[in-house]
Amino acid sequence: MTINPGRRDFLASMAAAALFPLEEEKPELILHNANIVTVNSREPRAQAVAISRGRILAVGSDQDVLHLGAAGSRKIDLGGKTLLPGFIDAHSHPAMAGVMHLRMVDCDLRSISALQAALRARAAKTPAGEWVLGFKYDDTKTADGRPLNISDLDAAVPDHPVQIEHRGGHTAYCNSLAFQKAGINDKTPDPAGGKIDHDPATGKLSGRVAESAREILDKAIPQTLTRDDHREGVKLISKMLAKTGITSAHEAQGTPTDLLAYQDAHAAGELLYRAYCFINYRYIDSMIAAGVRTGLGDDWVRVGAMKLVCDGSISERTARLSTAYAGRPNDFGILVMTEDELYSYGRKAHLAGWQIGTHANGDVGIDTTLRVYERLQRENPRHDPRFRLEHCTVINDDLVRRIEALGAIPTPFSTYVYYHGEKMKYYGAERLNHMFALRSFLDAGIPATQASDYPPGEFIPMMALQSEVTRADIKGNVWGPKQKITVEEAIRVGTIHGAYASYEENLKGSLEAGKVADLVVLGRDPLKEEPSTLISIPVERTMAGGRWTFEA
Ligand SMILES: [Zn+2]
């Protein structure tokens with residue numbers, strides 16, 4: 001028995017590397033005759049890429065790369081198709097969403113009757129008395145012109161308790177049996193920070209509960225998810241992301257359970273995207289005590305930033321703004337954590353070497369968060385802390401200047417203008433020119449990222465490109481045209497900027513020798529496409545770490 005096998009293995013691998021330097025390595029695979037957008041400014045276009053052991057060996061012309069092939073090298077002629085680096089979704093909730101897709105009814109439907117049919121079908125397969133749960137319901141997207149109510153749910157599912165979550169996650173809709181199980185009746189008072197809605201005419205429960213009132217329902221729902229369920233969730237969402245060209249995602253509100261699910265899915269060969277797993281501030285003490293900090297892990301599963309939350313949501317109109325919501329003169333939105341709380345958690349994490357990502361949507365929320373970051377750097381300057389502003393939706397010139405000075409990274413919603421157009425009117429035309437402000441960020445040299453916030457937003461990268469380039473919604477209404485960017489810029493935002501946001505710009509985000517082989521093959525060239533049809537460009541193949549994770 002050796003005393004230190006780990007060290008012996010290490011020395012052995014060093015010897016192997018010396019015997020077979022990278023230059024001598026032969027490619028396992030060569031993709032050629034492609035229109036390659038490398039996102040590498042030294043060599044922006046190429047035709048071929050050689051891949052070995054999950055990494056890129058060479059990128060260049062067909063002539064330069066094809067001759068590197070050996071007897072065992074596979075060659076794929078892409079017939080002139082466009083090849084890009086894989087997309088990086090820098091703010092999403094895939095592990096959480098995966099479990100929801102596994103267990104819940106997807107209520108992203110366009111009428112209340114369609115929703116009732118989906119719930120009825122699930123109830124038929126569920127033992128009586130057990131919960132029927134749904135998610136991704138959006139009151140602004142059904143043709144009925146009114147929100148779901150308790151009678152709709154009772155009519156569809158009388159014998160099972162039902163809870164349907166709103167797409168934004170802050171509200172939910174329940175049937176009578178669900179309220180009965182949670183001990184809520186017509187007379188139950190609103191909890192602090194929450195609301196149980198009533199029909200104004202009858203005073204009876206309307207079915208909707210908001211914010212902290214949701215916790216009363218949550219307590220009544222048995223928590224039966226196992227470690228295996230969480231792994232299965234990652235497996236399921238992996239396939240969904242791969243299909244759209246995503247090869248990396250930042251889990252923006254991660255927990256130790258998510259971190260474990262990622263490790264389990266990776267060990268089982270089921271993880272198809274690289275995960276940068278944020279850790280919610282509630283767990284930061286135990287993580288620091290265990291000696292963990294941002295960056296621990298490997299190329300597939302890595303500990304991300306600590307997550308803090310400053311203010312409310314854009315899609316549910318609770319972000320904290322300096323001027324009131326359009327048509328609601330006294331409504332400025334809400335602050336979720338105080339500046340003191342943000343500072344005290346932030347200080348702990350900052351001193352322990354963690355990156356910090358704070359949810360900040362409204363201009364007041366962003367100002368507050370920047371003040372905390374500026375103070376942390378003033379009191380304890382750290383080299384390259386890469387503070388993140390999660391969402392960073394409503395900005396002004398002064399905020400942009402401070403973001404640039406601090407070297408902070410905003411992760412604005414990429415698909416909201418296109419997908420949530422019907423909600424834009426609450427912000428007003430003038431304010432929309434300062435929202436999801438990619439033009440302002442890029443002009444100031446700020447590396448803002450692509451970010452879906454799925455489930456609240458859609459994660460399809462081609463939708464992100466179209467939304468960012470056209471600023472038009474599904475119906476063609478344009479919102480905030482001053483913030484339009486070019487397709488070329490949108491590709492950088494969706495690739496190398498996302499890599500920078502997780503300190504991995506030397507590992508991925510562009511196609512260059514030495515980086516991981518994460519890429520996507522498209523049916524048409526986005527740089528030649530009419531901007532209003534970018535979303536229709538088919539994804540033909542996705543590769544992560546040299547392995548095809550999706551093939552059409
Ligand atoms: Zn989020």
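Numbering of ligands and ligand atoms starts at 1, following listing order.
- Just one of Arg231, Lys235, Arg227 meets the salt bridge (Lys or Arg N to Asp or Glu O under 4.0 Å) condition when paired with Asp264; it is Arg227.
- Counting just the N/O/S atoms of Asp453, the one with the shortest distance to the Zn ion (ligand 1) is named OD1.
- Residue side and main chain included, His391 places no N/O/S atom under 2.8 Å of the Zn ion (ligand 1).
- Contact check for Gln263 versus Trp300: no side-chain heavy atoms found under the 4.5 Å cut-off.
- Of all N, O or S atoms in His91, the one lying closest to the Zn ion (ligand 1) is NE2.
- A cation-pi arrangement is present between Arg375 and Tyr343, with the terminal nitrogen or guanidinium carbon under 6.0 Å from the aromatic centre and inside a 45° cone about the axis.
- Using bins of under 30°, 30° to 60° and over 60° for the plane-to-plane angle, the ring pair Phe278/His91 lands in the perpendicular bin.
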